[in-house]
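Below, all heavy atoms of this structure are taken into account, side chains as well, without hydrogens, waters or symmetry copies.
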Amino acid sequence: MKIATWNVNSLKVRLPQVLEWLATHQPDVLCLQETKLEDKNFPIGAIEAAGYRAVSSGQKTYNGVAILSRSQAQEVVRGIDGFDDAQQRVISASLPTPSGPLRIVCAYVPNGQSIDSDKYRYKLDWLAALTGWLRAELQQHPRLALLGDFNIAPEDRDVHDPLAWKDQVLCSEPERVAFRELLALGMVDAFRRFEQPENSYSWWDYRMMAFRRNRGLRIDLILLSGALAESCTACGIDKEARRVERPSDHAPVSCELI
DNA sequence: ATGTCTCAGGGACTGAGA
């Protein structure tokens, strides 16, 4: 089965591109971030017409996450248990598979703005809460995949110009330490389990012709629990989705699970 | 290189967030 994640930067604007991508790539699961829609405005009709179910946790203007799936999502949970957060950034659900239930956690990690911002402190607190919560979730759901926009480039090879980005938000050491705390739960970065092209990124700033010059960062990730990582046979970034008319600034990332 | 895109408020543009 194929599971995927995509920061769409407004589902209202990006709906045609999302429907096109679903039709072409036929994922079993697609996690969306930055839907920027309240649940009552979610385009459920168009999604269902495309053959998918959807659960969402949205708000007006900012943030918002959703899980699209072929089969009906079960045990849907919104947010991080024990972390009071007005921002809609996490939705989780279970999906039946032949190998047993698959737990999907769709996350939109705070951007942090800059390392001297109060939003950066919020980002680090948020990541600590996510990690603590996931430790318990993994006990409950051993076949767990965490997909989303992490707003962290894990290593220098995930950055087009590591020197320019050194100690900047998305690349700073405290963020990378927080990311490694997630890995320490036994999670595996699916993308790095396979040989990949050099200079592989998932996000490029709209400005400065960044995409055309491939000046990007790899911040959209799929982390798999140990049990699931064994069954992963491929992982890749779909740069083509960044070449379409009116693209998101992010490209989708997907992986294959047996 | 504060250079693009999206959204809300409010009825043209500005500011916020990314």
Practice problem: Apply the test side-chain contact (heavy atoms from CB on, under 4.5 Å) to residues A:V8 and A:Q17: give CA-CA distance (whole Å), side-chain angles for both, the deciding distance (0.1 Å), then the verdict. | Solution: CA-CA 9 Å; A:V8 291; A:Q17 291 88 332; over 6 Å; no

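Note: A:W6 and A:W21 have tilted aromatic rings, judged against thresholds of 30 and 60 degrees for the angle between ring planes.
Exactly one residue among A:Q33, A:H250, A:K36 makes a side chain to side chain donor-acceptor pair (under 3.5 Å) with A:N9. That residue is A:K36.
Dashed line: the shortest gap from a side-chain N or O of A:S10 to OP1 or OP2 of B:dC7 is under 4.0 Å. Close to B:dT6, at under 4.0 Å from its OP1 or OP2, lies a side-chain N or O of A:R246.
For the P atoms, the distance linking B:dT2 with B:dC7 amounts to 25 Å, nearest Å. Taking the C1' atoms as reference points, B:dG15 lies 14 Å from B:dG10, given to the whole Å.
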Practice problem: Determine, for nucleotides 9-18 of chain B in 5'-to-3' order, which nucleotides have protein heavy atoms under 4.0 Å from the base (write B), from only the sugar-phosphate (write S), or from neither (write -). | Solution: --------SB

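In this structure, A:L11 and A:M209 both approach DNA chain B, and ranking their closest nucleotides by distance from the 5' end singles out A:M209.
No donor-acceptor pair closer than 3.5 Å links the side chain of A:R143 to the backbone N or O of A:L228.
For A:Q59 and B:dA8, the CD to C1' distance is 13 Å, given to the nearest whole Å. Per the geometry, CZ belonging to A:F211 stands 16 Å off C1' belonging to B:dC5, to the nearest Å. Look at CZ on A:R215: it is 16 Å from P on B:dT4, rounded to the nearest Å.
Counted by atom type alone, A:S56 and A:D39 present one or more donor-acceptor pairs between their side chains at under 3.5 Å. At a cut-off of 3.5 Å, with distance as the only test, a side-chain donor of A:N7 or A:E34 sits close to an acceptor on the other residue.
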